[in-house]
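Worth saying up front: this structure is predicted, and the values here are computed from it rather than measured. Chain naming here is simple, since letters A, B, ... match the order of the sequence lines and numbering starts at 1 in each.
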Amino acid sequence: MNGALEGASGLAVLDVEPEEFNLELTLGCGQVFHWERSGAGYIGLMGEVPVYVEQAGPELRLTAGVEAVASRYFALDHPLEAIYASFPKDPAMNAALEFCRGLRLIRQPLWECVATFITSAMKQVPHITQMSHSLRRTFGSAVSWQTQTLHAYPTPERIAMASEADLRECRLGFRAKNLLGAARMIASGEVDLAAITRLEDEPALRELCRLPGVGVKVANCALLFAYERPRAFPIDVWIERILREIYFTRKRKVTVQRLKKFSESYFGPYSGYAQQYLFHHARKTWKLRGRQTA
DNA sequence: CTCCAGGTTCCGG
DNA sequence: CCGGAACATGGA
């Protein structure tokens, strides 16, 4: 999984087992929203670092010099085989695993992740992507890369300086007020995202929920995608549907609280990974009322 | 036109 | 603790 060498194209190469890392799944499963297809791969930013990356089987080819940053961003150190071994062996989980094998939960910058999921409320993945790009172009610092200009996610300080009307220009709707409020609390030091790293799961969740627009679901997304808490289990409309229809068949009145208790005991120490696999598999294969959701 | 989307918050039983 | 409603916007 390690070992870098120069390819003929000027790109660096990281050796990966195809079954242990799948770039397309990792960037396309709805955990991160700003990567754009380019040629045979993708371009985007890992924090402030511009990266082109493509995968050809066991070769992960990427911008020379970013190997260490990318290894960390893509969480190439996560023990995928052990994670898979910990999954419950039921048909739905098995199908999700076969569909998503190689998908890794990446390590996102804290604020970028929190902010993006604040804007995600009641939005489809393509819309979240649109808002992310709009915020980046409008408020983010420009990072030139070859012939293009990419934009980093705007800092809390920069967003805190904007007005709610400015943010609504990025088509945030009612989410503008929440993003602004959260940015102000962080810019003022009232909430310290870095300090939350040192808290246990429950206190970390409580602290994140102090931010406007951050409830249990968004907080769990931040814990899972940025704070490396593999037990965090975000329950959105898709996961709720999956739990009710597959794991709680023909039971009435199952509360979200019960769903949470169940997931903690049933999916094990990497329940967050299980959650993401179930989420992505369902989203790409289930058809609602004959409507194509892919 | 209608329905719904990786929710949160507030308000009344 | 629970269910309902409001909240913006865009794509199917």
If you measure from the [atom1] atom in [N] to the same atom in [M], how many Å do you get, rounded?
{"N": "dC4(B)", "M": "dA5(C)", "atom1": "P", "result": "14 Å"}
{"N": "dA5(B)", "M": "dC7(C)", "atom1": "C1'", "result": "14 Å"}
{"N": "dG6(B)", "M": "dG3(C)", "atom1": "P", "result": "23 Å"}

With stacking defined as ring centroids separated by under 5.5 Å and planes differing by under 30°, is F117(A) stacked against dG6(B)?
no
Quickly work out the [X] [atom1] to [N] [atom2] distance and round it to whole Å.
{"X": "H281(A)", "N": "dG6(B)", "atom1": "NE2", "atom2": "P", "answer": "17 Å"}
{"X": "K260(A)", "N": "dC2(C)", "atom1": "NZ", "atom2": "P", "answer": "14 Å"}
{"X": "R283(A)", "N": "dG6(B)", "atom1": "CZ", "atom2": "P", "answer": "6 Å"}
{"X": "I239(A)", "N": "dG7(B)", "atom1": "CD1", "atom2": "P", "answer": "11 Å"}
{"X": "F233(A)", "N": "dG6(B)", "atom1": "CZ", "atom2": "P", "answer": "17 Å"}
{"X": "I128(A)", "N": "dA5(B)", "atom1": "CD1", "atom2": "P", "answer": "12 Å"}
{"X": "L179(A)", "N": "dT8(B)", "atom1": "CG", "atom2": "P", "answer": "14 Å"}
{"X": "L278(A)", "N": "dG6(B)", "atom1": "CG", "atom2": "P", "answer": "16 Å"}

List the residues meeting ring-ring contact (aromatic ring centres under 6.0 Å, His included) with Y84(A), not counting sequence neighbours, and say none if there are none.
F87(A), Y277(A)
Counterpart residues, ring-ring contact (aromatic ring centres under 6.0 Å, His included), relative to H151(A) (two or more places apart):
none
Does F117(A) have its ring centroid less than 6.0 Å away from the ring centroid of F225(A)?
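Centroid distance F117(A)-F225(A): below 6.0 Å, so yes.
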Run the side-chain donor-acceptor check on residues 203-221 of chain A: report pairs under 3.5 Å with partners two or more places apart or on a different chain.
from	atom 1	to	atom 2	distance (Å)
E207(A)	OE2	R210(A)	NH1	2.8
N220(A)	ND2	V216(A)	O	3.0

If you measure from the Lys or Arg side-chain nitrogens to the Asp or Glu carboxylate oxygens, is any gap between E20(A) and R101(A) under 4.0 Å?
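So E20(A) does not pair with R101(A) through a salt bridge.
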Keeping to residues at least two apart or across chains, list the ring-ring contact (aromatic ring centres under 6.0 Å, His included) pairs with something in residues 179-214 of chain A.
none
For DNA chain B, what residues of residues 205-223 of chain A have any heavy atom nearer than 4.0 Å?
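Within this stretch, L211(A), P212(A), G213(A), V214(A), G215(A), V216(A), K217(A), V218(A) sit under 4.0 Å of the strand.
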Starting at the 5' end of DNA chain B and moving along, which residue's nearest nucleotide shows up first, Q275(A) or N178(A)?
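Residue closer to the 5' terminus by nearest nucleotide: Q275(A).
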Nucleotide by nucleotide, 5' to 3', does protein get under 4.0 Å of the base (B), only the sugar-phosphate (S), or neither (-) in nucleotides 3-10 of chain C, counting heavy atoms?
----BBBB
What residue pairs, at least two apart or across chains, pass salt bridge (Lys or Arg N to Asp or Glu O under 4.0 Å) with a residue in [range]?
{"range": "residues 218-229 of chain A", "answer": "R72(A)-E228(A), R107(A)-E228(A), D201(A)-R229(A)"}
{"range": "residues 160-173 of chain A", "answer": "E164(A)-R168(A)"}
{"range": "residues 22-39 of chain A", "answer": "E24(A)-R37(A)"}

Any donor-acceptor pair under 3.5 Å joining the side chain of E240(A) to the base of dG7(B)?
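Such a pair does not exist between side chain and base.
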Would you list the protein and nucleotides 11-13 of chain B atom pairs, both N or O, that sit under 3.5 Å from each other?
none

Partner of F233(A) by ring pair (Phe, Tyr, Trp, His ring centres under 6.0 Å), out of Y266(A), F262(A), F267(A):
F267(A)
E112(A): what forms a side-chain hydrogen bond (donor to acceptor under 3.5 Å, both in side chains) with it, not counting sequence neighbours?
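side-chain hydrogen bond (donor to acceptor under 3.5 Å, both in side chains) check on E112(A) returns R136(A).
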Apply side-chain hydrogen bond (donor to acceptor under 3.5 Å, both in side chains) to W35(A) and list each qualifying residue two or more places apart in sequence or on a separate chain.
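Counting only residues at least two positions away or on another chain, W35(A) forms a side-chain hydrogen bond (donor to acceptor under 3.5 Å, both in side chains) with Y73(A).
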